[in-house]
Amino acid sequence: LGGGGAQEQEARCVEAKERLALLRHHKAEQDAHRIAREEEQAELEAQEERRRAAIMAEQRARMKEDIDAYRAKKRREEEVRQMLRVWEHWRQAKPRREAAASNAERVDVRIAQYQMKVERLKQRKAAAARAHADLQLRLEQLRAQVAPDVEADPNRLYTHTDATTAYKEGVMFGEKETGTRVFAVNLKNFYAGYTIDRLMGDTRHRLAVALHENGLAGTEAGREALMRIKGSLMPRKDMFTSDQLAQAGLS
């Protein structure tokens, strides 16, 4: 019994192996059929895609041909319209050409008159330029006659003015006045110069200051008021001309 059971067990193992091999073979055949179907389906899809691409390329080519034909048609139409416009312009300009030809003599006369007019204008401008040059020459001569005779001393640019020097000398000599003395030309006439007190003592100056502080200095009424009041200050020396100072013996 023991030997018979082992043989039966071995027979069952062989049968199981055969069935497993059969199942594997059947599975391999199914896989092969499936892969073949998938490859066939992929090939069909690729063919369909190529067919669609060919159709689209053909459609694009036809569309391009249609567009080119349309553009060529539009260009021909525009060329025809341009030729018609040129011909219409020439036709409309024909009366003007005929009139210009008939009026050629009168145009020549007018051109000659215009040229004469331009020439006379040039002559008037040249005469005006010469008159202006003569006037400038006379003005230069007059300026040379009244030019101040001042010694060329560049060092004066680096020194104090006479008024500042006189003021500093007055401070050195014990001037106690709080108001700044202005317009003094040297120490000799320092005490004859203008001070703030002397300026404010002048009625006309006080009126001018009051008008300026109230914004009336530039008005007509303010100018008229200043003209009616006589000042009490003597004019400064630098307000006279050289001839006036020479006549008064003050030069």
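In this chain, numbering begins with 1 at the start of the sequence shown.
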Engineer: Taking atom CD of Glu220 as the centre, report whether more than 12 heavy atoms of other residues, nucleotides or ligands fall under 6.0 Å from it.
Structural biologist: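 Not more than 12 within 6.0 Å, no.
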Engineer: Establish, from distance only, whether the side-chain atoms of Gln47 and Arg50 form a donor-acceptor pair under 3.5 Å.
Structural biologist: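 Judged by distance alone, the side chains do not pair up.
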Engineer: Between Glu140 and Arg143, is there a salt bridge with N-O shorter than 4.0 Å?
Structural biologist: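 Salt bridge flag = yes for Glu140 with Arg143.
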Engineer: Does a side-chain N-to-carboxylate-O contact under 4.0 Å join Arg19 and Glu15?
Structural biologist: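 So Arg19 does not pair with Glu15 through a salt bridge.
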Engineer: Closest approach of His212 and Ala217, non-hydrogen atoms and distance?
Structural biologist: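 Nearest pair, atom of His212 first, then Ala217: CA-CB, 3.9 Å.
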Engineer: Return the NZ to CZ distance between Lys17 and Arg24, rounded to the nearest 0.5 Å.
Structural biologist: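 The CZ atom of Arg24 is 11.0 Å from NZ of Lys17, to the nearest 0.5 Å.
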Engineer: Take Glu45 and Gln41, measure what side chain to side chain contact (heavy atoms under 4.5 Å, CB included) needs, and give me the verdict at the end.
Structural biologist: CA-CA 6 Å; Glu45 291 178 355; Gln41 183 65 26; 3.6 Å; yes
Engineer: Using 4.0 Å as the upper bound for N to carboxylate O, is an ion pair formed by Glu78 and Lys74?
Structural biologist: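 No, no charged N to carboxylate O under 4.0 Å.
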Engineer: Any Lys/Arg nitrogen of Arg12 or Glu8 sitting under 4.0 Å from an Asp/Glu carboxylate oxygen of the other?
Structural biologist: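 Result for this pair is yes, salt bridge flagged.
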Engineer: Hydrophobic side-chain clustering at under 4.5 Å (ILVMFWY, transitive links): who's grouped with Leu211? Put none if nobody.
Structural biologist: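 Via sub-4.5 Å side-chain contacts, Leu211 links to Leu207, Leu216, Leu226, Ile229.
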Engineer: Counting neighbours of CD on Glu38 that are heavy atoms of other residues, nucleotides or ligands and sit closer than 6.0 Å, is the number greater than 12?
Structural biologist: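 Check passes, neighbour count above 12.
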Engineer: Between Lys27 and Asp31, is the closest basic N to carboxylate O distance under 4.0 Å?
Structural biologist: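 Result for this pair is yes, salt bridge flagged.
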Engineer: Rest of the hydrophobic cluster containing Ile67 (Ile/Leu/Val/Met/Phe/Trp/Tyr, side-chain heavy atoms under 4.5 Å)?
Structural biologist: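 Its cluster partners, ordered by chain and number, are Met63.
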Engineer: Is the closest side-chain donor-acceptor distance between His25 and Glu29 under 3.5 Å?
Structural biologist: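 Judged by distance alone, the side chains do pair up.
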Engineer: Do the side chains of Glu39 and Ile35 get nearer than 4.5 Å, heavy atoms only?
Structural biologist: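 Yes - at least one pair of side-chain heavy atoms lies under 4.5 Å apart.
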Engineer: Within this structure, what is the CD-CG distance for the pair Glu40 and Leu44, rounded to the nearest 0.5 Å?
Structural biologist: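 Reported value, rounded in 0.5 Å steps: 5.5 Å.
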Engineer: In plain terms, say whether Lys64 and Asp68 are close enough for a salt bridge, that is, a side-chain N and a carboxylate O under 4.0 Å apart.
Structural biologist: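 Counted as a salt bridge, because a side-chain N and a carboxylate O are separated by less than 4.0 Å.
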Engineer: Take atom CZ in Arg110; do more than 12 heavy atoms of anything else shown fall under 6.0 Å from it?
Structural biologist: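 No.
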Engineer: Taking only Lys NZ, Arg NE, NH1 and NH2, and the carboxylate oxygens of Asp or Glu, determine whether Arg51 and Glu48 approach each other closer than 4.0 Å.
Structural biologist: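 Yes, Arg51 and Glu48 are salt-bridged.
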Engineer: Side chains of Arg85 and Gln82 only: does a donor on one sit below 3.5 Å from an acceptor on the other?
Structural biologist: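 Yes, because at least one side-chain N or O of Arg85 sits under 3.5 Å from a partner of the opposite role on Gln82.
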Engineer: Could you measure the distance from the OG1 atom of Thr203 to the NE2 atom of His205? Nearest 0.5 Å is fine.
Structural biologist: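 These two atoms lie 11.5 Å from each other.
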Engineer: Are there over 12 heavy-atom neighbours, none belonging to Arg228, within less than 6.0 Å of that residue's CZ?
Structural biologist: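 No, CZ of Arg228 has 12 or fewer neighbouring heavy atoms, counting only those of other groups under 6.0 Å.
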Engineer: Do Val80 and Glu77 pass the side chain to side chain contact (heavy atoms under 4.5 Å, CB included) test, and can you show the C-alpha distance, the side-chain angles, and the key distance before you say yes or no?
Structural biologist: CA-CA 5 Å; Val80 172; Glu77 292 177 353; 5.7 Å; no
Engineer: Just checking, any donor-acceptor pair under 3.5 angstrom between side chains of Gln92 and Glu88?
Structural biologist: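 Yes, side-chain donor-acceptor contact under 3.5 Å.
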